[in-house]
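Bear in mind that the values here come from a model prediction, so they are computed numbers and not experimental data. Just so it is clear, the values below take in all heavy atoms, side chains as well, and ignore hydrogens, waters and symmetry mates.
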Amino acid sequence: MIKTINQKIEIFISSLDEINDDLVKTITNKSSTTISENLKNGHLTTNVCMVAASLLKLDSKELANNLEKNLSELGLYKDVKAAGPGFINITLHRKDFALVLHQIIEEKQNFGESNIGDNRKVQIEFISANPTGPLHVGHGRGAAYGDAIGRILQATGSSVEKEYYINDAGRQIDILTASVIVKIIQKELDNFFPQNAYKGAYIESIGKEFTLKNIVKYNDVGSILKDLPSDPEEEIDQIISNLKRSDEKIWHLVKSFSLESIIKSIKDDLRDFNVDFDSWFNESSLGKLNDNSSEISKSINKLKDDGMAYEKDGAVWLNTDNSGDDKHRVLVRDDGRATYFASDVAYHKNKVDRGYDDLINVWGADHHGYIKRIEASIDALGSSKEKLIVKLVQFANLFKEGKKVKMSTRTGEFFTLKDLIEEIGADAARFYYLSKQADQHLDFDLDLAKSDSKENIFYYIQYAHARIFSLEKKFKEMNPGLDTNIEAIEKNIYKECDNLIHEISKYPNVVNKSAITLQPHLIIFYLRDLAQSFHSFYNDNHVLSESKDNMQSIVFCLSAVRQTISNGLELLGIKPMKKM
RNA sequence: GCCUUCUUAGUUAAAUGGAUAUAACAAAUCCCUCCUAAGGAUUAGUUGUAGGUUCGAUUCCUACAGAGGGCACCA
């Protein structure tokens with residue numbers, strides 16, 4: 001409908017004095033015909049006259065009056081009116097207006113989908129938490145966000161792949177391994193525990209599980225605590241090297257066991273959170289520096305060969321001049337070990353080589369300073385940093401009984417994602433994570449998420465869905481064999497539905513906008529508005545005591561509302577409720 | 001100091017450069033003999049300051065004031 005109107009408008013614009021093809025193009029690009037915010041302004045609205053008037057130095061109101069006359073004379077629309085500073089408001093014939101209902105009945109769960117993504121290959125990397133402990137509520141926000149934009153992009157015609165990058169190669173994993181071993185033999189060490197080791201209860205349970213099938217016995221336990229420096233960082237490093245030296249076999253067994261155990265718990269939590277990944281990428285698969293054929297060596301060598309990396313003070317540095325980063329960055333330390341950054345450079349090269357059109361990275365806001373150097377590395381390796389889209393996700397504060405829930409990784413006291421799911425359920429958790437723009441601070445109120453007031457938007461929306469569902473059921477019981485149909489609506493029988501139909505017709509645009517801006521919260525706010533329109537209608541109209549014709553047309557229309565709510569929730573990874 | 005996000009009603013939050021800035025909570029008043037009251041209706045209230053671009057600015061630009069985050073040969 002909008003398309004044909006735009007064609008008519010273009011014909012009108014082209015017929016103006018002193019116009020040329022370029023101007024027509026500029027005007028059509030800058031202006032838009034949209035579904036009116038409010039039914040008072042007709043069904044559709046265009047701002048083309050204001051755009052054209054400013055470019056052509058004409059009076060916008062006069063231009064709007066002319067376009068009004070022009071469109072009216074076509075006889076295609078019920079009403080055309082120039083309004084305000086130069087808007088054109090169009091009211092469609094009832095049949096055209098109700099077209100969206102046909103569309104929903106035909107497309108069902110696919111209503112709202114589009115192909116604006118043009119089949120672009122998009123990879124989304126998110127969460128990528130270190131496998132050194134369970135996922136906590138901070139990771140949950142990235143999980144909900146990454147998964148939701150994945151679903152939204154997929155629904156709007158992109159070809160999406162979701163990936164989790166497992167940092168299974170660095171020092172953190174050594175600390176994890178040491179933590180588990182020391183916990184196992186803690187009694188033999190006179191209850192000693194390193195200051196910077198991981199302290200959560202999960203460390204102990206991994207250790208216990210390991211000892212069920214393995215024997216951990218050191219010939220010379222005392223040597224493990226030999227030569228310990230007082231600095232916490234140096235202390236843990238010394239313990240790591242002592243443990244490795246004392247019994248390399250046990251070290252490797254515990255290391256792989258701990259990793260597997262934690263990765264499994266992460267996967268279990270994500271399954272419960274309804275987040276699924278297409279691939280899991282191990283940092284360790286990038287290989288080692290001393291292996292010339294490994295990906296990490298190849299990336300660094302290529303950077304050196306191309307003059308983008310150089311040696312200085314015994315270390316290898318990446319030149320980041322072209323990226324706006326404030327200093328050059330170390331890839332290989334002067335002691336010959338690669339930095340975390342070096343792995344990430346190789347990882348991003350790997351991603352670029354896989355041929356995606358867009359790489360979306362969902363990172364915690366604390367990685368903000370990291371963006372420029374990664375962009376620099378992508379450019380330096382001969383690709384374009386434009387491919388990389390980094391979305392930062394801000395921290396979430398949890399509030400319980402009005403108080404902020406304190407969390408400290410150091411002491412192992414934190415609210416895990418699993419705790420959150422158990423407390424309020426995966427769907428409500430996802431909903432509240434997504435209810436605010438990802439790059440802004442979120443105060444997550446656990447009590448609100450469980451409350452039964454209207455303030456709890458999650459239930460407000462679900463309630464609308466459940467109400468319609470039960471209404472449909474009752475309608476079918478009352479009228480066996482009677483189908484809902486479009487005829488009644490087209491015959492202009494039940495005008496009170498108009499507002500709902502108008503709201504539904506906005507949905508595909510909301511999805512597109514949400515995909516373009518990567519903002520799932522737009523869908524949440526839309527659903528709230530739609531639910532509100534429905535609840536209001538429901539209160540004013542006692543559906544099941546209407547005449548059969550009316551009932552038919554109303555239930556038909558409400559089914560479309562329910563389908564739309566259901567589709568919107570699905571895009572957020574939330575299951576619509578059939579009863580409450 | 002540098003980089004970055006942000007500042008909207010008493011509070012928490014919306015708004016591809018468009019019409020009278022949108023909701024909820026809190027306040028006041030109403031609506032269950034009724035399809036789920038986890039609901040509905042009515043009233044009152046908002047764009048940090050100073051400039052600029054524009055037919056039009058909450059939105060874009062500049063400065064200022066205030067808040068958060070980031071600035072490792074850590075990951």
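Between Tyr460(A) and G40(B) there is a side-chain N or O to OP1 or OP2 distance below 4.0 Å. Not one side-chain nitrogen or oxygen of Gln440(A) sits closer than 4.0 Å to the OP1 or OP2 atom of A67(B). An OP1 or OP2 oxygen of A13(B) is reached within less than 4.0 angstrom by no side-chain nitrogen or oxygen of His521(A).
Under the stacking definition used here (centres under 5.5 Å, planes under 30°), the residue His542(A) fails to qualify as stacked on the base of C34(B). Once the 5.5 Å centre distance and the 30° plane angle are applied, the aromatic ring of Phe87(A) is found stacked with the base of A19(B).
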Provide a list of protein-nucleic acid N or O atom pairs under 3.5 angstrom, restricted to nucleotides 54-57 of chain B.
none

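Aromatic pair Tyr145(A)/Tyr433(A): ring centres not closer than 6.0 Å.
Under 4.0 Å is where a charged nitrogen must lie from a carboxylate oxygen, and between Arg171(A) and Glu233(A) at least one such pair does.
U33(B) and A23(B): their P atoms are spaced 29 Å apart (whole Å). Taking atom C1' on both U47(B) and A9(B), the two are 10 Å apart, rounded to the nearest angstrom. A distance of about 15 Å separates the C1' atoms of A24(B) and G40(B), rounded to the whole Å. Straight-line distance between the P atoms of G51(B) and A44(B): roughly 31 Å, to the nearest whole Å. Nucleotides C55(B) and U12(B) place their C1' atoms 36 Å apart, quoted to the nearest Å. Annotation: U54(B) and U16(B) have their P atoms spaced 23 Å apart (nearest Å). For the C1' atoms, the distance from U46(B) to A14(B) is 13 Å, rounded to whole Å.
When each of Ser435(A) and Lys372(A) is assigned the nucleotide of RNA chain B bearing its nearest heavy atom, the one mapping closer to the 5' terminus is Lys372(A).
Between the side chains of Lys385(A) and Asn322(A), no donor-acceptor pair of N or O atoms lies under 3.5 Å. A side-chain N or O of Thr45(A) and one of Ser36(A) form a donor-acceptor pair less than 3.5 Å apart.
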